[in-house]
Amino acid sequence: MTSLKFLGHACFQLTHDNVSILFDPFITDNPFKVAQLQDIQCNYILVSHGHFDHLGDAIELAKQNNATIISTAEIAGLCGKEGCQTHAMHIGGKHTFDFGYVRITPAFHGAGVEGGHACGFIINFFGRIIYFAGDTSLFGDMALLGRLEKIDYALLPIGDNFTMGPSDAVEAAAMLKPQTVIPMHYNTWPVIAQSPLEYKNTIEDRLNIPVNIVNPGETINL
Ligand code: NI
Ligand code: MN
């Protein structure tokens, strides 16, 4: 069985049997406060960029779990210097791990680390294709990503202000053509307050793509 747990903001945990992957592990300072750092067990940590709400507790968690951080070369370099196991990749690159593959996608956003670039991930996790967009604006090459990969679940930011907002995220879904959309990166702070229900209704009316609103702390089966 494969499950996806939402830890609030842009932090997700994918688990299949005894293999677990964390995306953007913002735990300690996450206002949703649904997890304790010491309780989290994982094998891999995917970091989209260096902003505090994404790099988060990656370094401490990687050390605590002997987990491998998978990210761009710049973030991997930074974490490696802190003593973490890392696997450096970069935009456009794909690599196979024991769970499946990771493809690093572009994301239009600040890197949060010198000389770097923000990214997203498309991962094949035991046969499920998951697109984690990271922090990004809407961009036209999402159509290309939708052509390259048969996306089962698209995790898209809808908060606006720092990333695309709900109406742009409807356009994103239209290009990506996923089986299901899961919104993220909203309601963490007042500046990114959004109604996920309004987003769900719009997308389901216009595109006939189901939106699964996963609440912080909630786990769904994929
Ligand atoms: Ni950011
Ligand atoms: Mn962010």
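Model, not experiment: these values are computed from the prediction. Indexing begins at 1, ligand by ligand and atom by atom, following the structure's order.
- Taking 2.8 Å as the criterion, H109 does not count as a coordinating residue of the Mn ion (ligand 2), since none of its N, O or S atoms falls below it.
- With a cut-off of 2.8 Å, the Ni ion (ligand 1) has no N, O or S atom of H54 in range.
- D53 contributes atom OD2 as its closest N/O/S atom to the Mn ion (ligand 2).
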Check against side chain to side chain contact (heavy atoms under 4.5 Å, CB included), H9 and M184: CA-CA 6 Å; H9 195 53; M184 64 172 179; over 6 Å; no
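- Side chain of D152 to backbone of I129: a donor-acceptor contact under 3.5 angstrom is found.
- When the Mn ion (ligand 2) is compared with the N/O/S atoms of H185, atom NE2 turns out nearest.
- The Mn ion (ligand 2) sits nearest to atom OD2 when only the N, O or S atoms of D135 are considered.
- Using a distance-only test at 3.5 Å, with no hydrogens or angles considered, no donor-acceptor pair links the side chain of E204 to the main chain of P210.
- A distance-only check finds a donor-acceptor pair linking the side chain of N30 to the backbone of L7 [under 3.5 Å].
- The angle subtended at the Ni ion (ligand 1) by NE2 of H109 and ND1 of H51 is 90°, given to the nearest 10°.
- At a cut-off of 2.8 Å, D135 coordinates the Ni ion (ligand 1) through an N, O or S atom.
- Remark: E218 CD is packed, more than 12 non-hydrogen atoms of other residues, nucleotides or ligands lying under 6.0 Å away.
- With F23 as reference, F132 is the one residue of F132, F125, F6 to meet the ring-ring contact (aromatic ring centres under 6.0 Å, His included) rule.
- In summary, no N, O or S atom of H49 is located under 2.8 Å from the Mn ion (ligand 2).
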